[in-house]
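Have a look at the structure below, then the notes.
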Amino acid sequence: MTTEPNTNNPFVAYAGAPSIVTEMTWVTGRSAPSAEWEQGREFLLRKAAMLDRMAVKESAMYVPGMATRVVESAVQAARTLVEYDVEHSGLSLKGAELVTDEDHREYVRHQYHEWLRAQCA
């Protein structure tokens, strides 16, 4: 029996996260590469999580199809994070069973949840 939270559920994964506006401000402030800030994993993770949270919210508020653009943006950001992790940490797409768009978004949720827990420790 596992006691790990179901981080596939966005409400569980993002519990305790800063507001979307706070994350948007953080991401926007670091969107232009500079000598002071590298757009590394934390940037990609927080951007992907922010877009995923926006997609979840938009999908819940509107009829199917109305949130397509934000969902597509969330998927692209998730795929970018996965590509980064494949290149930098040896993540195996097959081993992690990352096939569908939803798989990639669930990966973001799990990774963000772990990152957020580490920030609070």
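Just the heavy atoms: all of them, side chains too, but no hydrogens, waters or symmetry mates, feed the values below.
Atom CG of Asp85 sits about 6.0 Å away from atom CD of Gln111, to the nearest 0.5 Å. Note that CH2 of Trp115 is 5.0 Å distant from CD of Glu42, once rounded to the nearest 0.5 Å. To the nearest 0.5 Å, atoms CZ (Phe43) and CG (Leu81) are separated by 11.5 Å. Atom CE in Met54 sits 11.5 Å away from atom CZ in Arg69 (nearest 0.5 Å). Note: Asp101 CG to Glu72 CD = 9.0 Å, rounded to the nearest 0.5 Å. For the atom pair CD of Glu23 and CG of Leu45, the computed distance is 9.0 Å after rounding to the nearest 0.5 Å.
Between Ala78 and Ala48, the shortest heavy-atom distance links the atoms N-CB, 4.1 Å. Taking every heavy atom of both residues into account, Arg41 and Tyr84 meet most closely at CB-CE2, 3.4 Å. Shown here for His104 and Thr100, the closest heavy-atom pair between the two residues is ND1-O, 2.8 Å. Across all non-hydrogen atoms, the minimal contact from Tyr112 to Arg46 is CE1-CG, 4.2 Å.
Side-chain contact of Thr7 with His110: a donor-acceptor pair under 3.5 Å is present, judged by distance alone.
The side-chain heavy atoms of Val71 and Glu58, taken from C-beta on, include no pair separated by under 4.5 Å.
With respect to the salt-bridge test (charged N to carboxylate O, under 4.0 angstrom), the residues Arg109 and Glu102 qualify.
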_Applying salt bridge (Lys or Arg N to Asp or Glu O under 4.0 Å) to Glu83 and Arg79, what does each step give before you reach the verdict?_
CA-CA 6 Å; Glu83 290 169 9; Arg79 288 186 177 277; over 6 Å; no
Verify side chain to side chain contact (heavy atoms under 4.5 Å, CB included) between Arg53 and Lys57, making sure each step is shown before the conclusion. CA-CA 6 Å; Arg53 292 169 68 192; Lys57 189 173 185 172; over 6 Å; no
- Query: For Val82 and Val108, what are the C-alpha separation, side-chain angles and deciding distance, and is it a side chain to side chain contact (heavy atoms under 4.5 Å, CB included)?
  - Reply: CA-CA 8 Å; Val82 168; Val108 168; 5.9 Å; no
Please walk me through it: do Val56 and Arg105 pass side chain to side chain contact (heavy atoms under 4.5 Å, CB included)? CA-CA 10 Å; Val56 167; Arg105 289 179 62 198; 3.7 Å; yes
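Residues satisfying the salt bridge (Lys or Arg N to Asp or Glu O under 4.0 Å) test with Asp103, not counting sequence neighbours, are none.
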Identify each donor-acceptor pair in which a side-chain atom of residues 8-20 lies under 3.5 Å from a protein atom, sequence neighbours left out, and give them as a table.
{"unit_1": "Asn9", "atom_1": "OD1", "unit_2": "Phe11", "atom_2": "N", "d": "2.7"}
{"unit_1": "Tyr14", "atom_1": "OH", "unit_2": "Asp52", "atom_2": "OD2", "d": "2.7"}
{"unit_1": "Ser19", "atom_1": "OG", "unit_2": "Thr22", "atom_2": "N", "d": "3.0"}
{"unit_1": "Ser19", "atom_1": "OG", "unit_2": "Thr22", "atom_2": "OG1", "d": "2.8"}

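Annotation: Glu97, atom CD; neighbour count of heavy atoms from other residues, nucleotides and ligands within 6.0 Å does not exceed 12.
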